[in-house]
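The chains referred to below are lettered A, B, ... by the order of the sequence lines, with proteins before strands, and numbering in each begins at 1. Everything quoted here is computed from the prediction, not taken from an experiment.
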Protein chains: 2
Amino acid sequence: MSTPARPASGRGTRVRGTRQAEALASVLGSLPGFLSAQQIHAELGRRGERIGLATVYRHLQVLSEDGRVDTIREASGEILYRQCRSEAHHHHLICRVCGASVEVEGRAVEQWAAKVAAEAGFTAVDHTVELFGLCPRCGTP
Amino acid sequence: MSTPARPASGRGTRVRGTRQAEALASVLGSLPGFLSAQQIHAELGRRGERIGLATVYRHLQVLSEDGRVDTIREASGEILYRQCRSEAHHHHLICRVCGASVEVEGRAVEQWAAKVAAEAGFTAVDHTVELFGLCPRCGTP
DNA sequence: CCAGTTAATGAATATGATTCCCACTATCGT
DNA sequence: ACGATAGTGGGAATCATATTCATTAACTGG
C-alpha cells in the first residue's frame, strides 16, 4: 500500500488532488501580498505551470468561499486574493504601491460597528474595513 | 438683463446647464438609497427622460469625483451612487434588502485606523468602511 | 497493475458593467 | 441670430469574471 492515495491537499476534501490545485496553493503560499487572478496566472506560467485562466478563477472562487483566502476589491474593481494566516476575523492594511499587507484586528471597529448599528435599529450587521497606505519601504524614498 | 443666464445647476460650475444634467440631479435628489447607474437610467426613462446610458455614467463619474455623490461597491462589483447630505467625511450603514442607508460618522474608526497604521509604519493611510445590515423595517417581519 | 467512473481542466465563448469613439446637437457668449 | 465648443448618445470596445462542453486524468474497485 504505502498510503498511496491522497497525494494532494491531504485534508478530507472532496476535491481531487490535481497538479493545478497544488501549483496554485504553492503560489499563494509563497507570495506575500494581495494578487489578482491574472497575476497569479502569470506567476504560474513563469514557474512553468501551464494552467488555464478559468481554472485559476475556479479555484480562487472556491478557496475564498471556504475562507481559505481573503479577498479585497481594488479601486478599479478587480478582485485581489491572498492566503491568510489567521482563521479569525481580521482586516488588512495594504500598501498601495507594492501590495504588501499586514493583517490587523479591529476589536475597536467591531464594537463601533455594533454600537452604530444598534443605535440605528439595524440588525445582522456585517462590515467591510480595509486600510490602504504606503508601507515603510514604499513611503520612505 | 433680468439675470437671464444660469438656468441650470445654479452654482458657478463650468458645466453647462443641460436637460440631462438637471434630470439626473432630480432623480438623485428624490430617491433615498444607493442606486446603480443602470437603475438611475431606468428611473430616468420611467420619468419620460430619454437619456443615453453613457451620459448617465459620465455625469455620475464627474459627480463622484467632485464629491457630490458617494459611491460604494456592491458584492457583485457594481457601483452604487447616492447623493449625500454632508460634505464631511462619513461612512454608511446600508440595508442589504431595500438599499436604504444611514450616514454615520466614525471618529472612533479614524482614530483606530491612524493608530494601527502608525504602529505598522504605514503612511498616507486611507480607509474604506461600510456597514451592511437589515434596517428596522426589513429586519422585523 | 488496469480499466472505468467522473471530477477537473481549459480553450473558446458568453456576460455584464463601464468606457470609448465620434459624428451630431444644443448651450452660451457675443 | 451665429458660431465655437461642450455635451450627447448609440454602438462598439474593453476588461474581469463566469460558463460551456469536449477532453483529460485522478481515484477506486477489481
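Residue B:Thr18 has a polar side-chain atom (N or O) positioned under 4.0 Å from OP1 or OP2 of D:dT8. Phosphate contact (OP1/OP2 of D:dT17, side-chain N/O of A:Tyr57, threshold under 4.0 Å): present. The phosphate of C:dG16 (OP1 or OP2) has no side-chain N or O of B:Gln38 nearer than 4.0 angstrom.
Looking at B:Arg58, its side chain comes within 3.5 Å of the base of D:dG9 through a donor and an acceptor atom.
Side-chain contact between A:Leu53 and A:Gln38: present, with at least one pair of heavy atoms (C-beta onward) separated by less than 4.5 Å.
Ring geometry for B:His127 versus B:His89: interplanar angle over 60°, hence perpendicular rather than tilted (30 to 60°).
The rotation axes computed at either terminus of the helix from C:dC1-D:dG30 to C:dT30-D:dA1 lie 30° apart, taking five pairs at each end and rounding to 10 degrees.
Among residues two or more places apart in sequence or in another chain, the side-chain hydrogen bond (donor to acceptor under 3.5 Å, both in side chains) test is passed with B:Glu49 by B:Arg19.
Side chain of A:Glu105 to backbone of A:His90: no donor-acceptor contact under 3.5 angstrom is found.
Heavy-atom distances under 4.0 Å link DNA chain D to B:Arg50, B:Ile51, B:Gly52, B:Ala54 of residues 42-54 of chain B, given in residue order.
As rounded to whole Å, 17 Å separates atom P of D:dA16 from atom CD of A:Gln61.
A:Val116 and B:Val129 fall within a single hydrophobic cluster, where Ile, Leu, Val, Met, Phe, Trp and Tyr side chains are chained together by heavy-atom contacts under 4.5 Å.
Using modelled atom types, one finds no donor on one side chain facing an acceptor on the other under 3.5 Å when comparing A:Arg73 with B:Thr128.
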